[in-house]
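Heads up: the structure comes next, in structure tokens.
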Amino acid sequence: MEVYFDNAATTPMSRAALDAMIPALEEQYGNASSLHTVGQLAKEQLEQARADIAECIGAEPHEIIFTSGGSEADNQALVSIARWGAKRDKRHIISSAFEHHAVLHTLQKLEKEGFEVTYLDVHPEGMVYPEQVEAAIRPDTCLVSIMYANNEIGSIQPISEIGAICREKKVFFHTDAVQAVGHLDINVKEQNIDLLSLSGHKFHGPKGVGCLYARRGIILSNIIEGGAQERGKRAGTENIPAILGMAAALKDILSRREENEKKETAMRDRLIEGLSQIPHSKLNGHPTKRLPGNVHFCFEGIEGESLLLMLDLNGVAASSGSACTSGSLDPSHVLLAIGLPHSVAHGSLRLTLSEYNTMEEVEYVIGILPGIVEYLRDMSPVWESLEKGETEHVI
């Protein structure tokens, strides 16, 4: 059996996305900046996609800026507010220790430019609580950036509550919602979100396209200079086929969101139940406040890379954490942030499902994974030391 359980890394494109893209690739190929009829037809499609995406998240069309993906959107959001803050002597930013590297690396760059960043501690269940944010806000705080749902362990943050605090304190609030959009009910106005990042390929759209929502009145700084596209805030000819595919994919998946959530949650909970039977295993992230399709475990005494290779040999595509850091030998910063020791963090496994998966696939993984873990532990000197009592079990 072939099983794809790595939907947090990327998702297969939906039929709706493909059907929207093909005509734009084959026939409607105009440049939206051109004044002739062919170009203006492309412009109409671009603006319709902008309106569709805005409606999906409770925004206005003019508040949507198309980007190359979530990472670019994160960069533009953080840099824009930082530059705004610097002009007003507000150089303090609040974030968390387990953000995506698109946020963390941008914050590190800003620190080198004289900004002070408070990285909030993360609860062992993968939560950042509103009272932590409120306590950290200072008179010179210009921005709070907390991800909507963690890309590795799936924990969903109390975004509405954090947004309300930031609005009351008159501090801009950004959320990296790359893992959440298309899977959770999001309304940027009701949740007091000032800036939000999303990426098309996380909800069955194409890769290489995303957008930044920026509330009316927020002045964005350019990350890419050049032409006057996107109201002068993001240079470069718009990728019309990809944008149309992203908009169609988002509308399509949200039309079945509650149905998908119910199906994915049932598969997720069955997978958690089955894998919890493996001795010395641990579910990471909040047990219930987590993405419908996210299951993240650590298995003591083994290496995650070996586990992934064995699963792949058995037809299962999975990951140990973020695909953006898959080449790193260091343990996940997310797992370290929630307090796991290096020895346990190395034995991590992330299984992420979509509505395209089946309960049969879940049962298949439950059936083969205990044997793979046992096989790897039999070869592990770390496990031998644990079993002999030379070192103590952590899990």
Side-chain angles (χ1 to χ4, degrees), residues 4-12 14 53 56-57 67 69-75 77 95-104 122 125-128 145-160 162-163 174-188 191 193 195-207 209-213 246 249-250 253-254 257 260-261 264-265 267-268 283-286 288-296 318-326 332-335 337-338 348-357:
Y4 184 74
F5 274 5
D6 198 16
N7 287 279
T10 196
T11 54
S14 65
I53 290 174
C56 287
I57 63 171
T67 68
S71 292
E72 183 188 334
D74 284 341
N75 274 256
S95 191
S96 79
F98 77 159
E99 297 293 315
H100 189 278
H101 280 120
V103 169
L104 293 178
V122 183
E125 290 186 333
M127 304 297 293
V128 175
S145 180
I146 303 293
M147 67 195 329
Y148 204 113
N150 187 264
N151 55 303
E152 293 192 26
I153 60 176
S155 51
I156 301 171
Q157 306 307 308
I159 293 300
S160 296
I162 294 173
H174 164 256
T175 185
D176 176 345
V178 166
Q179 294 292 336
V181 170
H183 308 288
L184 302 175
D185 186 20
I186 296 174
N187 187 298
V188 292
Q191 295 175 287
I193 298 169
L195 303 107
L196 176 146
S197 309
L198 65 85
S199 185
H201 74 111
K202 304 297 187 178
F203 46 80
H204 306 299
K207 299 174 183 63
V209 64
C211 73
L212 171 65
Y213 153 76
M246 174 173 64
L250 185 54
I253 195 171
L254 287 179
R257 191 192 67 78
N260 290 343
E261 182 177 5
E264 292 171 29
T265 300
M267 292 189 293
R268 178 199 74 188
L283 175 69
N284 298 308
H286 198 281
T288 57
K289 296 175 183 177
R290 63 187 306 122
L291 290 169
N294 179 286
V295 175
H296 195 290
S319 67
S320 58
S322 173
C324 301
T325 56
S326 60
S332 161
H333 74 286
V334 172
L335 299 184
I338 62 174
S348 63
L349 173 67
R350 182 183 70 175
L351 301 170
T352 45
L353 301 76
S354 79
E355 69 272 26
Y356 296 163
N357 292 119

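Each residue takes its place number in the sequence, starting with 1. None of these values were measured; they are calculated from a predicted model.
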Any non-hydrogen side-chain atom of Pro158 less than 4.5 Å from a side-chain atom of Met127? yes
Contact check, side chains of Asn357 and Asn7, non-hydrogen atoms, under 4.5 Å: yes
Suppose we screen for side-chain contact (heavy atoms from CB on, under 4.5 Å). Which residues come up paired with His204, at least two apart in sequence or across chains? Thr11, Pro12, Ser14, Ile253, Ser354, Glu355, Tyr356
Hey, does Ile53 have a side-chain heavy atom less than 4.5 Å from the side chain of Met246? yes
Please evaluate residues Glu125 and Lys289 with respect to the criterion side-chain contact (heavy atoms from CB on, under 4.5 Å), reporting the C-alpha separation (whole Å), side-chain torsions for both, the decisive distance (0.1 Å), and the verdict. CA-CA 9 Å; Glu125 290 186 333; Lys289 296 175 183 177; over 6 Å; no
Mark yes or no for whether Glu264, through its side chain, and Asn294, through its backbone, hold a donor-acceptor pair below 3.5 Å. no
Please determine whether side-chain contact (heavy atoms from CB on, under 4.5 Å) holds for the pair Glu152 and Ser319, giving the CA-CA distance in whole Å, both sets of side-chain angles, and the decisive distance to 0.1 Å. CA-CA 9 Å; Glu152 293 192 26; Ser319 67; over 6 Å; no
Which heavy-atom pair separates Val128 from Ser96 by the least distance, and what is that distance? CG2-CB, 3.8 Å
With side chains defined as the heavy atoms from C-beta onward, is the minimum distance between Ile146 and Glu99 less than 4.5 Å? yes
Working for side-chain contact (heavy atoms from CB on, under 4.5 Å), residues Tyr213 and Thr175: CA-CA 10 Å; Tyr213 153 76; Thr175 185; over 6 Å; no
dist Ser160:OG -> Ile193:CD1 (nearest 0.5 Å) comes out at 7.0 Å
Taken to the nearest 0.5 Å, the spacing of Arg257 CZ from Leu250 CG works out to 11.5 Å
Report the distance from atom CD1 of Ile159 to atom CE of Met147, rounding to the nearest 0.5 Å. 9.5 Å
Side-chain contact, heavy-atom cut-off 4.5 Å: Leu335 with His296? yes
Restricting to non-hydrogen atoms, name the atom on Ser145 and the atom on Val103 that form the minimum distance, rounded to 0.1 Å. OG-CG1, 4.1 Å
What's the spacing between Glu72 CD and Cys211 SG if we round to 0.5 Å? 11.0 Å
Rounding to 0.5 Å, atoms CG (Asn150) and CD (Gln179) come to a distance of 8.0 Å
As an exercise, state the distance from NE2 of His286 to CD1 of Ile153, rounded to the nearest 0.5 Å. 11.0 Å
Within a strict 4.5 Å, meaning less than it, do heavy atoms of the Val178 and His100 side chains meet? no
Is the shortest side-chain heavy-atom distance between Ile156 and Tyr148 below 4.5 Å? yes
Picking from Asn260, Leu353, Thr265, Thr352, what satisfies side-chain contact (heavy atoms from CB on, under 4.5 Å) with Pro292? Thr265
Taking ring pair (Phe, Tyr, Trp, His ring centres under 6.0 Å) as the definition, give me every residue that meets it alongside His201, ordered by chain and number, with sequence neighbours left out. none
Start with the C-alpha distance between Leu196 and Val181, add both sets of side-chain angles, then the distance that settles side-chain contact (heavy atoms from CB on, under 4.5 Å), and finish with yes or no. CA-CA 10 Å; Leu196 176 146; Val181 170; 4.1 Å; yes
